[in-house]
Amino acid sequence: MIIHIAKKEFTQALRDNRFRLLAIFLGVLLAFAMLVSWSYYQKINEEHTKTSKTARQQWNTQTPKNPHAAAHYGTFAFKPIQTLSLIDNGLDKYLGVSVFLEGHRQNMAEYKQITEQNDLARFAELTPAFVFSYLVPLLIILLSFNIFTTEKENGTLKLLLSQGVSILQLSLGKIIGLWTLLAMVLLPIFGLGFVLLLASSYQNDDVLRYLMLIFSLILYYGIFINICVGVSAYVSSSNTSLVTLLGFWIISTLLIPKLTTNISKKIYPTPSVLDYKAQLKEDLEKGVDGHNPFSRRSQIFQDSVLKANKVDSIQKLLFNYAGLIMQAGEEHETVVYAKALKKLNDIYFAQLKIHEASAILSPTILFKMFSMQLAKTDLATHYDFSAQAEKYRVALVRDLNYDIKDNSKNGDWEYISKDKDFFKKNIQFQYKPISITQTLQQGGMALVYLMFWFLGTLLFILSIKKIH
Amino acid sequence: MFLSFELKNILRTPLVIILSILLFIFTLFAVYNGKSRTNKQLETIKIIKEKEDKFYTAKKTMLDSIEKNTKKPFPDDKWFLSPQYSLTLGAVRGAGTYAILTPSPLSVVSTGQSDIFPFYTKIALDNNNAGDDNDNFENPFNIAQGEFDLAFVFVFILPLLVIVFGYNLLSVEREQGTLLLIKSMPIRINVWLLNKIIFRFLFLLLICIVFLCFSFVLFDISIQNFDFLQMIISTSFYLLFWFLLCFLVNLLGKSSTTNATFLVGSWVFFVLLVPSIANILATNLYPVPSRTEFVTAQRDIENEVEKQREKIINEFYAKNATFKKPKQEERRWRDNWRERFVEKYFAKKKLDVLQESFMKKTEAQRNFADNFQYFSPAILFQNALNSLAKTDTKTYLTFQKKVNDFEKKWSFYFKSKFDKDEKMKVKDFDSFPKF
């Protein structure tokens with residue numbers, strides 16, 4: 001019986017011009033968005049490989065200089081583009097792409113694409129994720145707001161029920177019918193996405209991530225289908241049903257995310273740059289300054305070094321003290337920067353928690369958060385990249401300072417390594433992508449909440465005992 | 001008669017009442033958010049101005065006592081502490097002036113681009129990295145979601161209210177079977193519908209104005225200015241567009257649900273689809289070269305200059321007979337700084353060319369995208385609000401341009417003093433370039 005009902009809904013919609021038109025339009029839009037994203041991905045990926053190589057080449061062939069001068073000269077780490085950004089580019093354009101790595105300080109990633117793009121980027125960007133999370137739910141609503149109400153308005157519902165069909169059977173049949181229609185639109189698109197993924201330089205877990213993304217999409221659409229069928233069963237007229245459902249769509253996609261943005265900033269205020277820098281400066285002054293051996297802290301450090309090596313002056317040390325104190329200063333600075341950044345990032349993550357909590361009213365925000373985590377275009381992945389770049393910077397600067405310490409004479413500020421390939425032999429930056437386990441640890445809750453939403457709305461339908 | 005009937009008709013629809021209350025709350029909250037944002041900016045501006053004042057007052061007092069011989073001048077190797085040197089006042093150790101873009105009175109209206117562009121920049125002779133101390137601190141996730149500002153409420157939400165107000169004006173009469181009744185009245189149906197639409201338009205416009213005035217006055221924002229009037233005017237045009245659309249859709253004589261579907265479809269089209277499709281066209285037809293390539297190209301120039309350093313410096317001394325190349329043992333801080341400037345200006349010329357070609361590409365993309373505003377009243381209205389709030393891209397780019405020009409003035413002033421090895425005087429403080 002359920003199958004009969006599903007079939008009826010399916011054929012009815014197929015014969016409906018409204019559905020055909022919308023489905024084709026959305027399908028084309030999705031395919032177009034995917035192809036454009038993919039070609040963008042290819043371009044950036046190529047550029048990234050090329051420029052990373054160039055940056056390293058520039059480091060290798062820099063004019064010979066004192067290793068610490070080279071630390072000031074610095075080098076770059078470029079953020080790679082993630083393969084699944086072809087589905088969801090998440091926060092990519094709001095995050096910097098290039099980190100300048102130099103001695104003494106941890107720089108934030110620079111050059112956010114959004115400041116260089118046209119203003120329309122602030123409205124909406126035609127990406128697959130945008131169509132998936134905003135427009136497809138609208139299609140579902142338009143397809144199903146009157147799925148029960150028309151039957152009520154035409155009087156066919158009574159006829160059906162008098163034939164012995166239970167309300168549950170009816171609801172399930174309609175839901176299956178809707179799913180079949182949706183599958184018709186989405187399966188080819190999912191297939192296209194898969195092909196494009198395979199045609200990119202993907203990592204092994206990207207396929208799994210993609211499948212999980214599809215799974216979360218199914219949950220997300222399931223929520224909308226359940227709500228549509230439920231509302232259509234509850235209210236008496238198609239008009240009311242449509243207005244209610246559109247209201248829900250607006251609340252979920254636009255109102256709640258924007259409201260939460262401001263509420264999250266009220267609860268966990270973002271510090272001002274001035275406060276941040278002032279605190280940083282204060283903390284930096286509390287430790288050893290590698291460039292100022294006469295400060296009180298530096299003197300204490302010097303005494304401890306002399307004591308540990310059982311000598312009475314730095315000239316008698318078996319190594320160049322300049323390299324050691326430079327590194328001591330560096331280590332203090334590293335800790336200070338890490339602490340300051342962590343404090344800032346913790347505020348951002350606390351704000352994200354508020355967004356997650358707002359999901360009680362908006363499944364869209366849940367899906368968006370989870371999908372950008374899967375695509376590795378979220379904040380956590382960005383910080384993971386920054387952390388790796390920082391780890392690399394620390395290692396590189398340590399190598400440079402220790403070369404002074406171990407291979408140069410005290411007071412020789414003109415020291416240049418005898419090894420012509422010294423810079424070439426310096427440690428190289430290797431980016432290790434975040435693993436799916438990490439992603440699920442950070443963002444798994446979003447998936448759980450999506451399931452809650454899905455089951456909750458399903459219960460809503462199952463609880464319908466009587467249709468007025 | 002018609003008016004009082006219509007008014008009763010509107011006021012007795014619970015949905016209208018609920019939505020009006022919501023609109024009131026939204027307006028209030030949006031203005032509050034705008035006010036908080038502006039206040040945060042004003043606070044920052046106050047702090048940086050104080051910082052700058054403190055710095056220069058201290059230096060001025062110090063210089064005054066040196067001039068009056070109540071304080072000994074600093075020894076030459078402590079030049080960086082001495083206010084007698086132009087570099088100490090214009091280049092190093094916290095010296096420099098802030099170029100500030102003060103928020104306009106109506107900046108509460110729209111966040112616009114204010115969350116991605118800096119509104120102040122520190123300018124010093126030694127520091128041409130304008131973005132250095134004003135990275136915009138904001139959660140990228142929040143920037144991506146966008147703020148709940150007045151522009152959002154008006155551009156996105158208001159049309160939906162219009163749609164609820166007007167999607168079924170005629171169709172509902174047909175569906176209730178009262179259409180014949182209306183047709184029997186001594187008025188043409190189109191005129192009757194138009195009257196209804198105009199009445200609703202005026203009603204919504206009026207409550208918008210009332211809500212706006214109330215929340216502006218509540219948060220102490222001036223409404224007695226031309227900008228506010230302009231905002232009301234553009235709002236009414238925007239409302240009018242959507243009401244006209246409702247009118248036309250009603251005339252088609254379809255069912256209420258078809259009307260609603262069509263109108264919401266138009267909303268999606270104008271508010272979401274046109275901007276996103278135009279954006280994707282602009283970014284692909286007028287691509288902006290990648291910043292990673294820019295960064296490496298910049299480094300190439302730096303390397304090039306570094307390699308030619310000797311040559312550049314020697315050429316400088318050959319051309320400028322007033323300066324002599326010092327012997328290594330006679331080298332003083334002045335010589336180091338002079339050569340540093342020579343090298344820096346040499347590199348800057350090349351870097352500026354690179355930067356300019358980059359900016360030209362972004363400008364081309366922006367110009368192309370701007371053409372699309374005529375395809376969507378939502379974009380037009382948003383742009384109008386942004387420019388009233390002075391948070392549009394143009395304002396920020398103009399500010400950056402002014403900053404660059406000013407930086408040249410500032411640098412010229414202090415560098416020529418440095419070149420002439422002129423001691424700074426207390427009276428010079430009044431002739432510092434002002435932004």
Side-chain angles (χ1 to χ4, degrees), chain A residues 18 33 36 44 47-48 51 54-55 58 62-63 76 78 91 94-95 97-98 108 111-126 130 134-135 138 142 146 238-239 242-243 246 250 254 257-262 264-265 270-274 276-277 344 348 351-352 355 379, chain B residues 15 33 40 44 47-48 113 116-117 133-135 137-148 152 156 160 164 168 256-257 260-261 264 268 271-272 275-280 282-284 288 290-293 295-296 299-300 303 306-307 362 365-366 368-370 372 379 382-383 392-393:
Chain A
R18 193 178 55 177
V36 170
I44 299 295
E47 257 171 24
H48 177 265
T51 48
T54 314
Q58 285 168 338
Q62 60 181 301
T63 45
F76 296 93
F78 298 129
L91 304 178
Y94 297 92
L95 297 166
V97 289
S98 148
M108 294 190 190
Y111 298 123
K112 303 175 180 98
Q113 199 195 348
I114 188 75
T115 55
E116 280 139 20
Q117 260 190 331
N118 61 80
D119 299 5
L120 297 176
R122 300 304 299 272
F123 265 88
E125 205 186 13
L126 189 62
F130 166 72
Y134 286 77
L135 301 186
L138 264 184
L142 292 181
N146 57 359
S238 300
N239 258 344
L242 183 62
V243 172
L246 288 176
I250 285 151
L254 285 174
K258 295 227 181 219
L259 276 170
T260 316
T261 292
N262 284 89
S264 75
K265 281 195 270 190
T270 315
S272 80
V273 186
L274 291 173
Y276 178 83
K277 299 235 154 144
L344 183 66
Y348 288 170
Q351 290 174 344
L352 287 190
H355 278 284
L379 214 51
Chain B
L15 188 62
N33 289 334
K40 201 176 167 185
T44 306
I47 294 171
I48 53 178
Q113 305 285 74
I116 55 172
F117 285 114
D133 72 331
N134 52 17
D135 348 14
F137 268 16
E138 203 44 83
N139 190 339
F141 189 85
N142 278 342
I143 300 183
Q145 297 303 323
E147 278 204 23
F148 194 89
F152 167 70
F156 282 71
L160 293 167
V164 173
N168 63 354
S256 295
T257 45
T261 314
V264 171
V268 171
V271 173
L272 296 175
S276 64
I277 291 173
N279 173 48
I280 212 169
T283 38
N284 284 285
V288 175
S290 90
R291 272 296 188 179
T292 53
E293 274 177 2
V295 165
T296 44
R299 182 122 276 207
D300 272 337
N303 281 348
E306 197 187 8
K307 279 184 183 130
T362 64
Q365 186 187 103
R366 284 203 172 100
F368 177 74
D370 275 350
F372 281 91
I379 305 178
Q382 174 84 50
N383 286 351
D392 53 336
T393 308

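All chains are named by letter (A, B, ...) in the order of the sequence lines, taking the proteins before the strands, and each is independently numbered beginning at 1. No experiment lies behind these values; they were computed from the predicted model shown.
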Parallel, tilted or perpendicular, judged at 30° and 60°: which one describes the rings of A:Phe123 and B:Phe156? parallel

So for A:Leu135, is it side chain, backbone, both, or neither that comes closer than 4.5 Å to the heavy atoms of chain B? side chain

Look at B:Ala278, B:Ser256, B:Ala260 and state which one has the largest set of heavy-atom pairs under 4.5 Å with chain A. B:Ser256

Do we see a donor-acceptor contact under 3.5 Å between the side chains of B:Gln145 and A:Thr261? no

Has B:Asn279 got a side-chain atom pairing as donor or acceptor with A:Leu120's backbone, closer than 3.5 angstrom? no

Please determine, among A:Arg122, A:Gln113, A:Gln351, A:Glu125, the option with the most heavy-atom pairs under 4.5 Å with chain B. A:Arg122

Side-chain donor-acceptor pair present, B:Asn383, B:Asp392, cut-off under 3.5 Å: no

Is it the backbone or the side chain of B:Phe141 that comes under 4.5 Å from a heavy atom of chain A, or both, or neither? both

Residue part contacting chain A, namely of B:Ile280, when any heavy atom lies under 4.5 Å: side chain

Hey, what do you get for CG (A:Asn262) to CZ (B:Phe152), rounding to the nearest 0.5 Å? 10.5 Å

Selection from A:His48, A:Gln58, A:His355, A:Gln62 maximising heavy-atom pairs under 4.5 Å formed with chain B: A:Gln58

Ranking B:Thr292, B:Val271, B:Thr44, B:Asn168 by heavy-atom pairs under 4.5 Å to chain A gives rank one to B:Thr292

Option in A:Leu259, A:Thr54, A:Ile250, A:Leu242 with maximal non-hydrogen atom pairs under 4.5 Å from chain B: A:Leu259

All ring-ring contact (aromatic ring centres under 6.0 Å, His included) counterparts of B:Phe372, not counting sequence neighbours: B:Phe368, B:Phe375

Spacing of B:Ile116 atom CD1 and A:Tyr94 atom OH [to the nearest 0.5 Å]: 7.5 Å

Interface check, chain B: of A:Ala121, A:Ser238, A:Ala55, most non-hydrogen pairs under 4.5 Å belong to A:Ala121

Side-chain donor-acceptor pair under 3.5 Å between A:Ser264 and B:Asn142, yes or no? yes

If only side-chain N and O atoms count, and only distance matters, is there a donor-acceptor pair under 3.5 Å linking B:Gln113 with B:Thr393? yes

Just give me the residue among B:Val288, B:Val295, B:Leu272 that pairs up with chain A most often, heavy atom to heavy atom, under 4.5 Å. B:Val295

Pick one of side chain, backbone, both or neither for A:Leu95, based on which atoms fall under 4.5 Å of a heavy atom in chain B. side chain

I'd like to verify something: which residue of A:Ser98, A:Ser272, A:Ala124 has the highest number of heavy-atom pairs under 4.5 Å with chain B? A:Ala124

Contact leader toward chain A among B:Glu147, B:Glu293, B:Arg299, where contacts are heavy-atom pairs under 4.5 Å: B:Arg299

Count the heavy-atom pairs under 4.5 Å between each of A:Tyr134, A:Phe130, A:Tyr276 and chain B, then report the option with the highest count. A:Tyr276

